[in-house]
Amino acid sequence: MRITIQIVLIALLLLASHTLFPSQVQAQSINLRNLLRSPEMNLTLSGGLPAGFRGSEAGSGGLNILEDAKYALSEHSVLYEETPTNLGEDAKDRKFTSPPTINWTTRQVDANGNSTVVRNDNNNLATNEGTFPEPGEYMITNTGSRQISGGSQETSGSGSGSSTPGGSQSGSGASGQSGSGAQTPGSGSEGGSGQRLTSTQTIGVIAHDVTSPNLWVVFQEGAGQGQIAESEAALQDELGRQMEASKGEFSGDQLSGPLAQASLLSIYESPRNAHPTKKTAAVAVAGPVFDATGKPVSQVAGKVKATVLDEAAQTRLVTVGEEVLKGIFVRRNVPFLVAGQIQDNGKYKRDSAVCRIENKETGEVIEKVDGAYLFRVPNYPRSEYADQPVYQFVMEGKDDAGNQTVVKVPLYVVNTAVSYEGGRNE
Amino acid sequence: MKPFIPVLFALLFALALNVLLPVGAVGQTADDDTDELETSAPAGETAPGIDLDKTPWLKGVNIPPRPAYPAPVLPAEIIMADGKPVPATLSEDVTVLMAVDSEIFGERPPQEWNGQALPNAAWAGPAAVNWFFDDIGRNQSTMASCSEPLPANQMKVTPLDPTRLGGVTVSIARPLTYEESPGKTRKVFANASRGLNVRVTDITPPTCGLEITVGKQTGTFWCAENPPHGFPLPKKADVYLKGPLCSASAEDEQVVVAGLELGAKMVLTAEQGAIRLPRTGEAKIKVILQDNDEVDGKTVKTGLCELVDGTPVPVPGTTGDSFDLSKIKLPTHPYLFVDATDLSGNRQVLCVPVLGK
């Protein structure tokens, strides 16, 4: 009697599990149909950086690489071999009946571990090139699928054609012929011969930032129609908003609103996503302070190739000097404010860009007068004012990875016929 | 011997540098001027034993087929989102909601793989799921994507073209960590994948047309499904007419008649578009066969016709490649027509009015 009760209980348990977990029943039926299991896959990336690169931990799951470099990817699985012999005993009487279909999928992983597909290559090859346009974490997945003889059609006969529109189609009068006759739900004929065997593998990579940050510097003069901001911080905030809106790239006339009359110096990666050895920054200017006569200009003044700042860390440095930008020309007796902003494709701190005006010879930092810069004695042309000090505008920006952009250009005070003592927005 | 000592030291120094310095991109300097692949091994070398005549896709592969580290492969099954099995036959352009069921979505990862214990194994992130639709005949794969928020294991799959041999493939990767040695954690990926064979039926009628030439003048009409891959039925199509015989002014202009129901009752009105034929001359007909699968050549009919209860009744003597217009007795309301059926039985009949010139 006790045994009978146990049998009944077991039967009830089995019935309950069948009802609650129908997909498990599906998995059981697979085994019954003697389908081959997915084989393992090996996946590698060549040319990665050492495990401890930039302080990363070994075994953290990501191969260290550089953003924008090209890496060779290769993979291998017995699924791709000439015969299925190495798939095991169950495959001994089977044959591959198609070449493999091979997809390479690159996903970018966010801080929460969620990932988004950024690229998929269906090249049907076991090798591929990997490029990673932004710093950060990526997953590279290879998915292979291939027809192999034997086994049974995995799809079930109970599909009932719910996905086929035969009824509505014939009802439309458009083409009543294409309906049920062509549909063979669950028949396992034609497309169902053999098994669609798959294999997949994923590796993680960490793409390190090797791009120097973009810098924007705005010079706002308090003269004519221009009014300077209440403070340098207010000017910096406004600049930050407008820089963010244009993704840090220069178009010549993007400053608007309170900055419409201001002069802009913009240093930004151009072209974007160049190979690490070919990183170049464009130096663009817009406004009157970049011309000795005060004529407003709007142009890309030149390009600067990044240099390697630290070989071991592979950081980059962009240095903008006099050879690219002759100087900044401010007017005597015209107060002005300077504010800079930083933007980067990797991690950075918004306050990690600093700018100052200094005496080029002594390094003495020039202080503001009543909250604004104001030079009362001209020093340009140099031939006329050789006794006056040469000033230098300096800006330095650094991202969290250590890539830097540095600006060091002369700042000249030009004599003008008109003197503006006011202009500050009190 | 003495003269060789410095050379030997130099060689040893170079060798030591080669070993000590990191490989790959660390070797880049500002003077490098290349965007070659960053490789630690010669690229393009294929491992001995791989026959590239038989497995050309393995060109350049020189790694073993199994990873040197534990990367568990878990079973997976593709089902419909409602838990039912996937039908063996799907219809083109019809979206189905599929799901994948696998232990990879479970609470805990496997604690061992291939006999190797994975101490304290725990998931280190969510699963990433990739869905593909494979046209096995063409060996082309299309990645499925969906902007609609769905559970991680679900995907809307819409086969866009008919195929007798298709496949739905899903692959899943999920990071896991385990204690490789006391106090040292390693992150690897568990994997799962599954493929199903499916057949995709054709529900799109052909989009055929005709080119008619009389003397030196031609007129061509054809149609194109618009919007493409439209569903639910009926599908719509735009009809294009081009050439001097399609224009009242005999100019080579193009007329587009938008929004006709694609199928067996595509009849234009004279206001929408017409073919203008002279009373005399030899008319030559060239049929333009178009279908997303294949037109059944045996079903194709063309020529002049009149419509009886909406059905084209051919004018005798006009169903061949050419006919003499002066010998044809035209009905009151003549049409030029093309009638074609694809291999799946979808039929298209397109009738364009014929006007005298």
Side-chain angles (χ1 to χ4, degrees), chain A residues 22-23 26-27 38 40 42 44 46-47 49-50 59 61 66 69-72 74 76-78 82 98 101 103 105 107 113 115 120 122 125-127 141 143 145 154-156 158-159 163-165 168-169 172 174-175 177-178 182-186 190-192 196 198 200 202 275 277 307-308, chain B residues 22 24-25 28-30 32 35 37-41 43 54-55 57-58 60-61 63 65-67 73 77 83 85-91 94 96 101 125-126 128 130 134 139 141 143 164-165 167 169 171 173 186-187 189 191 193 195-197 199 201 203 205 233-234 263 344-347:
Chain A
S23 55
Q26 179 76 9
S38 296
E40 289 181 274
N42 196 5
T44 64
S46 297
L49 296 151
L66 300 184
K70 288 184 187 172
Y71 292 92
S74 62
H76 200 183
S77 164
V78 293
E82 183 186 340
S98 79
T101 305
N103 281 280
T105 310
R107 286 174 168 266
S115 59
N120 186 71
N122 169 218
L125 295 173
T127 55
T141 298
T143 307
S145 52
E154 307 94 288
T155 47
S156 163
S158 63
S163 64
T164 54
S168 60
Q169 190 173 29
S172 74
S175 57
Q177 299 87 341
S178 73
Q183 297 161 12
T184 53
E190 262 188 285
R196 189 85 180 141
T198 56
T200 185
T202 293
H275 187 270
T277 58
T307 57
V308 176
Chain B
Q28 293 168 1
T29 68
D32 285 343
D35 58 357
L37 288 169
E38 325 300 332
T39 55
S40 56
K54 291 171 178 166
T55 55
W57 47 85
L58 288 177
V61 172
I63 55 173
R66 291 182 179 85
V73 179
E77 179 59 16
V86 175
T89 302
L90 303 176
S91 288
V94 180
V96 290
D101 182 32
N130 299 317
D134 303 331
N139 202 16
S141 193
M143 191 173 205
R164 287 161 194 81
L165 191 54
T169 301
S171 70
R186 185 184 174 116
K187 185 170 152 186
F189 284 87
N191 302 285
S193 62
L196 282 184
N197 287 321
R199 174 179 171 157
T201 54
I203 62 167
L233 299 176
S344 297
N346 301 293
R347 187 181 178 202

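Labels below follow one simple rule: chain letters A, B, ... track the order of the sequence lines, proteins then strands, and each chain is numbered from 1.
- Only the side chain of B:Thr169 has a heavy atom closer than 4.5 Å to any heavy atom of chain A.
- Options B:Ala173, B:Gly125, B:Gly167 differ in how many heavy-atom pairs under 4.5 Å they form with chain A, and the most are formed by B:Ala173.
- Heavy atoms closer than 4.5 Å to chain B are found in both the backbone and the side chain of A:Thr101.
- Looking at A:Ser38, both its backbone and its side chain come within 4.5 Å of chain B, counting heavy atoms on both sides.
- Side chains of A:Val78 and B:Arg66 form a contact here, defined as non-hydrogen atoms less than 4.5 Å apart.
- Between A:Thr105 and B:Met143 there is a side-chain heavy-atom pair separated by less than 4.5 Å.
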| task | Apply side chain to side chain donor-acceptor pair (under 3.5 Å) to the pair B:Ser193 and A:Thr198, showing each step before the final yes or no. | result | CA-CA 6 Å; B:Ser193 62; A:Thr198 56; 2.8 Å; yes

| said: As a quick check of understanding, evaluate side-chain contact (heavy atoms from CB on, under 4.5 Å) for B:Asn130 and A:Asn103, giving each step before the final call. | reply: CA-CA 10 Å; B:Asn130 299 317; A:Asn103 281 280; over 6 Å; no

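- When each of B:Ala128, B:Pro126, B:Ser141 is checked for heavy-atom pairs under 4.5 Å with chain A, B:Ser141 comes out on top.
- With a 4.5 Å cut-off on non-hydrogen atoms, A:Asn42 touches chain B through its backbone and its side chain both.
- The candidate with the highest count of non-hydrogen atom pairs below 4.5 Å against chain B, out of A:His76, A:Glu82, A:Glu40, A:Arg107, is A:His76.
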| task | Kindly indicate, with the supporting measurements, whether the criterion side-chain contact (heavy atoms from CB on, under 4.5 Å) is fulfilled by B:Thr89 and B:Arg199. | result | CA-CA 5 Å; B:Thr89 302; B:Arg199 174 179 171 157; 4.3 Å; yes

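- Not a single side-chain hydrogen bond (donor to acceptor under 3.5 Å, both in side chains) links B:Thr55 to another residue, sequence neighbours left out.
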